[in-house]
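In what follows, a single structure is set out as C-alpha cells and then discussed.
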Amino acid sequence: MAKEEITPSEWQIMEVLWASDTPLTSSEVYKRMQGNVDMSQRMVRVLMNRLNQKEVLGYTVDERDSRVYRPLSQASAWSVQVFYTARHWLNSHGASSRYVPDC
C-alpha cells in the first residue's frame, strides 16, 4: 500500500474504479462520476495521474494509445487506513475513549 494518504477527491475516483469489473480510462471514470461530483474531466485525469504516482493506481496503454487504469489495492486495505487515521485524529483532539473504538 502507498504511504501517502489519498484525498477525498482521489477517494471518489477510487470508488469508481473499485466498483468496476474492468480497468477504466480517465474518460470512463469521468462519465461514471458525472452528476455525483463537481469535477472537470481534466481534474479527473490529473488526480488519476497523482494516484499513479502514489502507487495506488497502475495502468496499461490500450490499442488506441489511451491509459487504462486499475487499482493496485483493494478498498478494504484503504478502509483500514482511513479508520486508523480518523481514530488517531479523534484521540489527538481529546475525543473520549468510549467514542473511539479499538480494533
Side-chain angles (χ1 to χ4, degrees):
M1 182 184 326
K3 293 181 181 180
E4 294 184 62
E5 293 183 16
I6 60 176
T7 67
S9 295
E10 291 168 340
W11 186 267
Q12 291 173 322
I13 289 169
M14 292 305 298
E15 286 180 329
V16 172
L17 288 161
W18 283 322
S20 176
D21 292 336
T22 60
L24 301 171
T25 65
S26 61
S27 296
E28 293 168 327
V29 170
Y30 174 74
K31 288 175 188 172
R32 292 181 186 206
M33 292 176 71
Q34 277 186 316
N36 296 326
V37 295
D38 186 24
M39 196 181 303
S40 70
Q41 187 168 356
R42 183 178 184 282
M43 181 53 70
V44 169
R45 190 170 48 253
V46 166
L47 292 174
M48 290 178 76
N49 284 327
R50 285 186 195 164
L51 287 164
N52 177 254
Q53 291 170 352
K54 292 179 181 183
E55 299 178 357
V56 177
L57 291 182
Y59 71 88
T60 56
V61 179
D62 69 7
E63 65 279 351
R64 296 176 304 179
D65 206 28
S66 298
R67 289 183 179 190
V68 183
Y69 292 89
R70 70 191 182 293
L72 296 179
S73 62
Q74 298 299 317
S76 58
W78 282 98
S79 297
V80 169
Q81 178 186 344
V82 168
F83 171 79
Y84 280 109
T85 300
R87 184 169 183 250
H88 173 75
W89 186 90
L90 288 168
N91 282 331
S92 67
H93 286 79
S96 171
S97 60
R98 69 179 182 187
Y99 297 116
V100 182
D102 288 325
C103 261

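For E63, there are no side chain to side chain donor-acceptor pair (under 3.5 Å) partners two or more places apart in sequence or in a different chain.
Linking Ile, Leu, Val, Met, Phe, Trp and Tyr whenever their side-chain heavy atoms come within less than 4.5 Å puts M48 and M43 in one cluster. Tracing side-chain contacts under 4.5 Å through hydrophobic residues (I, L, V, M, F, W, Y), one reaches I6 starting from M39; they form part of the same cluster.
Nearest approach of L72 to G58, heavy atoms of both residues: CG-N, 3.5 Å.
L17 CG to T22 OG1: the interatomic distance, rounded to the nearest 0.5 Å, is 9.5 Å. Rounded to the nearest 0.5 angstrom, I13 CD1 and L24 CG are separated by 11.5 Å. D62 contributes atom CG, which lies 12.0 Å from atom CZ of R67 (distance to the nearest 0.5 angstrom).
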Let me have the donor-acceptor pairs involving side chains of residues 26-37, under 3.5 Å, with sequence neighbours excluded, atom names and distances please.
{"residue": "S27", "atom": "OG", "partner": "Q41", "partner atom": "NE2", "Å": "2.8"}
{"residue": "E28", "atom": "OE1", "partner": "T25", "partner atom": "N", "Å": "2.7"}
{"residue": "E28", "atom": "OE1", "partner": "T25", "partner atom": "OG1", "Å": "3.4"}
{"residue": "Y30", "atom": "OH", "partner": "Q34", "partner atom": "NE2", "Å": "3.3"}

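Residues N49 and Y69 bring a donor and an acceptor atom of their side chains to less than 3.5 Å of each other.
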Derivation and outcome, side chain to side chain contact (heavy atoms under 4.5 Å, CB included), residues L57 and M14: CA-CA 9 Å; L57 291 182; M14 292 305 298; 3.6 Å; yes
